[in-house]
Amino acid sequence: MIYQRVALIGLGLIAGSMSLAIRRGGLAGETVGTARSAQTREIAREIGLCDRIVDTVVEAVAGADLVVLCVPVGAMAAVAAEIGPHLAPGATVTDVGSVKQAVIDAVGPHLPEDVHFVPGHPIAGTEHSGPRAGFPELFDSRWTLLTPLEGGDPEAEAKLRALWEGMGSFVESMDANHHDLVLAVTSHAPHLIAYTMVGVADDLRRVTDSEVIKYSAAGFRDFTRIAASDPTMWRDVFLSNKDATLEILGRFTEELFALQRAIRTGDGEHLHSFFTRTREIRRGIIEAGQDTDAPDFGRRPKSSS
């Protein structure tokens with residue numbers, strides 16, 4: 001057992017999966033959860049998502065030695081301000097947001113000096129959301145990135161690292177701004193591109209009498225899976241990491257223009273060379289154990305369905 005009591009603020013996919021993974025590994029004496037929506041709390045109680053479900057964040061953090069903020073990035077400052085006066089001395093606060101510098105700026109000022117803040121980000125997920133979406137295998141063999149603050153407590157970081165490893169994750173630490181640039185490449189820009197492509201297809205569907213939906217090929221289906229992600233969460237991600245995302249989108253636009261030129265001029269050599277290089281990225285992801293060759297990659301394991 002690593003923590004006596006873990007408080008989960010927000011009860012969606014990540015929090016639910018954390019609670020189930022903690023239970024699976026016997027990593028905490030008790031998990032306490034809460035969510036803003038009464039309906040979410042009721043569902044969480046019905047399915048036994050946590051050991052206890054309470055109605056307020058103040059109740060949730062009482063006596064907790066680890067508090068995990070699992071709310072959209074745009075809501076974290078308000079939550080931190082509300083729980084700050086009620087945190088136990090020596091407790092650790094972390095988060096699961098996919099943007100880190102904005103979270104540090106939003107949360108840090110509201111935490112007492114005797115509370116340790118270790119920001120984190122599990123790079124795992126599905127397109128599903130809500131308290132029923134969680135499953136304990138979500139973090140198995142996936143990476144969790146910690147972005148500890150300068151002068152932070154090494155013991156608090158070590159305990160949090162042990163928790164994530166106990167939930168099945170590989171764990172690495174990095175600078176918050178570097179994290180935000182890396183995630184702009186690997187997650188944020190791809191999501192924005194997927195949202196855009198699905199939006200274009202929706203416009204076309206009105207012209208083609210729904211044939212875009214009826215005859216969707218694998219590539220478009222994968223775009224729609226990504227674009228089905230929680231809209232509130234992704235709105236906050238783009239607004240909070242706009243500089244890095246805009247930089248990557250600028251580079252994407254340059255590559256797109258080059259491909260347009262190659263298609264227009266019939267430059268098959270350029271197209272073949274580009275596609276060969278990018279295919280190696282996919283192979284590298286599979287070889288690194290971060291995906292499989294299966295056509296349902298990225299989805300919930302069949303044993304958990």
Side-chain angles (χ1 to χ4, degrees), residues 98-99 121 123-128 141-143 145 170 172 174 177-231 233-235 237-302:
S98 67
V99 178
H121 175 210
I123 306 177
T126 72
E127 69 273 30
H128 304 295
S141 299
R142 299 297 183 225
W143 284 94
L145 301 179
F170 304 131
E172 190 167 297
M174 66 172 54
N177 286 314
H178 184 66
H179 165 281
D180 290 350
L181 179 62
V182 169
L183 267 294
V185 175
T186 62
S187 178
H188 304 167
H191 272 79
L192 194 62
I193 293 164
Y195 279 119
T196 303
M197 190 63 229
V198 173
V200 169
D202 185 54
D203 290 338
L204 182 60
R205 181 182 62 170
R206 300 168 191 172
V207 179
T208 61
D209 194 25
S210 297
E211 288 173 332
V212 167
I213 302 300
K214 184 176 180 180
Y215 302 124
S216 291
F220 183 70
R221 286 198 303 269
D222 290 334
F223 271 135
T224 62
R225 180 182 63 81
I226 295 171
S229 301
D230 181 75
M233 180 185 76
W234 282 102
R235 176 202 65 193
V237 165
F238 292 126
L239 294 178
S240 301
N241 196 29
K242 59 183 178 181
D243 290 342
T245 301
L246 289 172
E247 178 181 345
I248 300 307
L249 284 175
R251 298 188 186 190
F252 170 80
T253 302
E254 292 173 7
E255 294 281 13
L256 188 60
F257 283 154
L259 290 174
Q260 286 177 315
R261 188 180 306 111
I263 294 169
R264 186 181 303 111
T265 61
D267 189 350
E269 182 177 348
H270 177 89
L271 293 172
H272 187 271
S273 175
F274 185 84
F275 298 155
T276 299
R277 177 166 60 88
T278 55
R279 183 172 64 171
E280 293 304 312
I281 300 296
R282 173 66 184 164
R283 289 176 173 173
I285 290 172
I286 294 172
E287 290 171 2
Q290 294 304 296
D291 213 332
T292 73
D293 284 317
D296 61 346
F297 65 90
R299 290 173 171 79
R300 177 187 302 223
K302 289 182 174 61

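Index from 1, following the sequence.
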Salt bridge (Lys or Arg N to Asp or Glu O under 4.0 Å) partners of residues 253-272, not counting sequence neighbours, each pair once: none

Give, for atom [atom1] of [X] and atom [atom2] of [Y], the distance between the pair rounded to the nearest 0.5 Å.
{"X": "Phe275", "Y": "Leu259", "atom1": "CZ", "atom2": "CG", "answer": "6.0 Å"}
{"X": "His178", "Y": "Leu181", "atom1": "NE2", "atom2": "CG", "answer": "7.0 Å"}
{"X": "Thr253", "Y": "Leu256", "atom1": "OG1", "atom2": "CG", "answer": "7.0 Å"}
{"X": "Ile248", "Y": "Asp243", "atom1": "CD1", "atom2": "CG", "answer": "11.5 Å"}

Nearest atoms (heavy-atom pairs only) where His179 meets Ser98: CE1-O, 3.2 Å

Heavy-atom closest contact (Pro190 atom, Ala184 atom, distance): CD-O, 3.8 Å

Do any N or O atoms from the side chain of [X] and from the backbone of [Y] form a donor-acceptor pair under 3.5 angstrom?
{"X": "Asp180", "Y": "Asn241", "value": "no"}
{"X": "His188", "Y": "Val99", "value": "no"}
{"X": "Thr186", "Y": "Val182", "value": "yes"}

Residue pairs passing the side-chain hydrogen bond (donor to acceptor under 3.5 Å, both in side chains) test where at least one lies in residues 190-201, sequence neighbours excluded: none

Trace of the side chain to side chain contact (heavy atoms under 4.5 Å, CB included) decision for Leu183 with Leu145: CA-CA 11 Å; Leu183 267 294; Leu145 301 179; 4.2 Å; yes

Residue list, salt bridge (charged side-chain N to carboxylate O under 4.0 Å, His left out) with Arg251, at least two apart or on another chain: Glu247

